[in-house]
Amino acid sequence: MVINMTESNSLTHDDYKNLLAFSESLNPYDINFRKTAMEDLLKFFPFDGAAFPLVDDNGYYKHLVYVNFTPVSIESYERDCYKKDFFAPANLKEASGKSVFTIEDFTSYMEYETSSLYSQCLYFNGFYYEALVLLRDEENKPLGAVAVYHGRQSSGFTLREQKILEEIGMIMEKATRIHLKYLSMQNNLFFLNRIFTRHPIGMIICDENFNIQEINQEAYQTMEALGMEAEKEEAKRLLTDYILPAYQEGGANRFCLRLAGGLEVFLENIIVKEQITGSFITRYAIFLDLSMGSSRTSWTAYLTEKGLTRRESEVAGYLSQGFEIREIAEKLSISANTVKRHKESVYHKLSVNRVSQLLLLYQEVNNSW
């Protein structure tokens, strides 16, 4: 059923009925959601064409889906006209407080007819009038748009049509946010499944800025074996305080941490292609393996057996590797006096009086295991 648009400015019962039907036809979990949405849009509303772009990092419309566009016009827009699009957020001057725009908001039709947007793109489709509703993300930044078109036989877009387009924008904005989150989640699931099938060991998944996204159970078990708490914050500390500095210092993607000489760390970066934007994103996987370090695991177990706290075990670990108090304080981001207090407690619990005795104890524990 197609809405019968009149010159009236008010939306009718049938208008809202068809807006509801259009909303119910949307499936944001469909990989072809944007294309299907535009096809459904033209089934319910008598526009001559439709386009659904997203906004790139520079504020231009890219990655469009089109309905009723010729291949020539599509190629021309994506090659050249997108930077000259009046409606692109990068070119918008009056976007504040407004969501629906028509050509009259930007220029005269005399100037419009000489523009490349019209002569190299819209003209080839028989389109003359364009109206567009901006879609925004949760932070109110431009996310994309729904553009609709009329030919010269029309007299432009009535206020009623613009109100309907505004309603369409609110519907599409919610659905698009869900769609993009779903695609992002699918990308992450694909990435995780690919990694897990290859490496059934302790693993921490990070984004391109090394913000932790996922941690598997084996990684938490490894942390516990090292005397750490099985928490995301602890994993973040392990990553930022120990793994990344060692990675940056050594320049190798496989190494053993000085924090735990037997903890083997392996970093792998994988390039993931976003399905919507087509851009390539880096994801990092940090693998943790104690299989090469039973000696360190035995030392950690011994310290736990002796009643050392997590922080005391860290200090004991550094002391057993020859670190000075000042160096330990810097590593743990605590004061030298705090390190001294932990050192005294370590010596008391382990019944040693000096570092040399601690080193000897360390060797004895490892040999016994």
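Remember, predicted model here, so these are calculated numbers, not experimental data.
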Problem set entry | Ion pair E330/R326, N-O distance below 4.0 Å | yes

Exercise. Among all residues two or more places apart in sequence or in another chain, which pass the side-chain contact (heavy atoms from CB on, under 4.5 Å) test with Q357?
Worked result: V352, N353, R354

Seminar exercise, completed: Those residues at least two apart in sequence (or on a different chain) that pass side-chain contact (heavy atoms from CB on, under 4.5 Å) with R311 are R237, T309, E314, L332, I334, H342

Exercise. Under 4.5 Å between any side-chain heavy atoms of I205 and Y284, yes or no?
Worked result: no

Exercise. Taking the side chain as C-beta and beyond, is there a heavy-atom pair between R283 and D207 under 4.5 Å?
Worked result: yes

Exercise. Are any of the side-chain nitrogens in R160 or D15 under 4.0 Å away from the carboxylate oxygens of its partner?
Worked result: yes

For this session: Output every pair passing salt bridge (charged side-chain N to carboxylate O under 4.0 Å, His left out) with a member in residues 72-82, not counting sequence neighbours, ordered by first then second residue.
Result: E75-R79, D80-K84

Exercise. Mind checking whether Y129 and Y149 have ring centres under 6.0 Å apart?
Worked result: no

For this session: Name all residues meeting the side chain to side chain donor-acceptor pair (under 3.5 Å) criterion together with Y112; count only those two or more places apart in sequence or in a different chain, and write none if there are none.
Result: none

Problem set entry | Closest non-hydrogen atom pair between E312 and S345, with its separation | OE2-OG, 2.7 Å

For this session: Please name all residues satisfying side-chain contact (heavy atoms from CB on, under 4.5 Å) with S335, sequence neighbours left out, ordered by chain then number.
Result: N337, T338

Problem set entry | By side-chain contact (heavy atoms from CB on, under 4.5 Å) - contacts of S73 (at least two apart) | F69, T70, C121, F124, N125

Problem set entry | Partner residues of S25 under the side chain to side chain donor-acceptor pair (under 3.5 Å) criterion, sequence neighbours left out | D40

Seminar exercise, completed: Minimal heavy-atom distance between C206 and L239, with the atoms involved, is SG-CD2, 3.7 Å

Review item, side-chain donor-acceptor pairs of residues 224-233, under 3.5 Å, at least two apart:
unit_1	atom_1	unit_2	atom_2	d
K232	NZ	I212	O	3.3

Exercise. Is D30 reaching over with its side chain to a backbone N or O of N27, donor-acceptor style, under 3.5 angstrom?
Worked result: no

Exercise. Is it true that Y118 and Y128 have ring centroids separated by less than 6.0 Å?
Worked result: yes

Problem set entry | Pairs flagged by salt bridge (charged side-chain N to carboxylate O under 4.0 Å, His left out) wherever residues 107-119 is involved - sequence neighbours left out | E113-R152

For this session: Mind running side-chain contact (heavy atoms from CB on, under 4.5 Å) on F47 and N68 for me, showing each step along the way?
Result: CA-CA 10 Å; F47 301 120; N68 293 348; over 6 Å; no

Exercise. With side chains defined as the heavy atoms from C-beta onward, is the minimum distance between F45 and I164 less than 4.5 Å?
Worked result: yes

Exercise. Is the shortest distance from a Lys or Arg side-chain nitrogen in R310 or E234 to a carboxylate oxygen in the other one below 4.0 Å?
Worked result: yes

Exercise. So, for A51 and L64, which heavy atoms are closest and what is the spacing to 0.1 Å?
Worked result: CB-CD2, 4.2 Å

Problem set entry | Under 3.5 Å donor-acceptor, S99 side chain and V133 backbone | no

For this session: Taking side chain to side chain donor-acceptor pair (under 3.5 Å) as the test, write out the residues that go with Q153, two or more places apart.
Result: D48

Exercise. Short question: side chain of S23, backbone of L19 - any donor-acceptor pair under 3.5 Å?
Worked result: no

Problem set entry | 4.5 Å side-chain heavy-atom contact, L20 and K17 | no

Exercise. Has the side chain of N216 got a donor or acceptor atom that lies under 3.5 Å from a matching backbone atom of I204?
Worked result: no

For this session: Say whether, by atom type as modelled, one donor and one acceptor occur between the side chain of N32 and the main chain of K35 under 3.5 angstrom.
Result: no

Exercise. Which residues satisfy the salt bridge (charged side-chain N to carboxylate O under 4.0 Å, His left out) test with E167, sequence neighbours excluded?
Worked result: none

Problem set entry | Backbone of G307 reached by a side-chain donor or acceptor of K349 within 3.5 Å | yes

Problem set entry | Worked check of side-chain contact (heavy atoms from CB on, under 4.5 Å) between Q162 and T102 | CA-CA 9 Å; Q162 293 181 46; T102 60; 4.1 Å; yes

Exercise. Just wondering, more than 12 heavy atoms not from D57 lying within 6.0 Å of its CG?
Worked result: no

For this session: Please say whether more than 12 non-hydrogen atoms of neighbouring residues, nucleotides or ligands are located less than 6.0 Å from OH in Y109.
Result: yes

For this session: With ring-ring contact (aromatic ring centres under 6.0 Å, His included) as the test, would you mind laying out the steps for Y61 and Y82 before giving the verdict?
Result: CA-CA 6 Å; Y61 289 130; Y82 73 94; over 10 Å; no

For this session: Show your reasoning for whether side-chain contact (heavy atoms from CB on, under 4.5 Å) applies to L267 and I243.
Result: CA-CA 9 Å; L267 283 86; I243 294 177; 4.2 Å; yes

Exercise. When you measure from the side chain of N58 to the backbone N and O of Y60, does any donor-acceptor pair fall under 3.5 Å?
Worked result: no

Problem set entry | Side-chain donor or acceptor of E327 paired with backbone N/O of E324 under 3.5 Å | yes

Problem set entry | Backbone of V72 reached by a side-chain donor or acceptor of S76 within 3.5 Å | no

For this session: Could you tell me whether the side chain of K331 reaches within less than 4.5 Å of the side chain of Y318, counting heavy atoms only?
Result: yes

Exercise. Are the aromatic ring centres of H150 and F127 under 6.0 angstrom apart?
Worked result: no

Exercise. Can M170 be reached from F22 by stepping across I, L, V, M, F, W or Y side chains whose heavy atoms are under 4.5 Å apart?
Worked result: no

Exercise. How close do I215 and A235 get, heavy atom to heavy atom, and via which atoms?
Worked result: CD1-CB, 3.5 Å

For this session: Measure across I325 and A336 and return the closest heavy-atom pair with its distance rounded to 0.1 Å.
Result: CG2-O, 3.7 Å

Problem set entry | D85 and Y77 side chains, donor-acceptor separation under 3.5 Å | yes

Exercise. Hey, mind stepping through M203 and E214 against side-chain contact (heavy atoms from CB on, under 4.5 Å) and telling me if it holds?
Worked result: CA-CA 8 Å; M203 179 168 47; E214 300 286 343; over 6 Å; no

For this session: Only counting residues at least two apart or in another chain, list the ones meeting ring-ring contact (aromatic ring centres under 6.0 Å, His included) with Y220.
Result: none

Exercise. Do M172 and M38 have side-chain heavy atoms sitting under 4.5 Å apart?
Worked result: yes

Problem set entry | Ion pair check, R177 and E173, cut-off under 4.0 Å | yes

Exercise. Closest heavy-atom contact between L143 and D137?
Worked result: CB-N, 3.8 Å

For this session: Report yes if some heavy atom in the side chain of I103 is under 4.5 Å from a heavy atom in the side chain of F87; otherwise report no.
Result: yes

Exercise. Are side-chain heavy atoms of K343 and I328 found at a separation under 4.5 Å?
Worked result: no

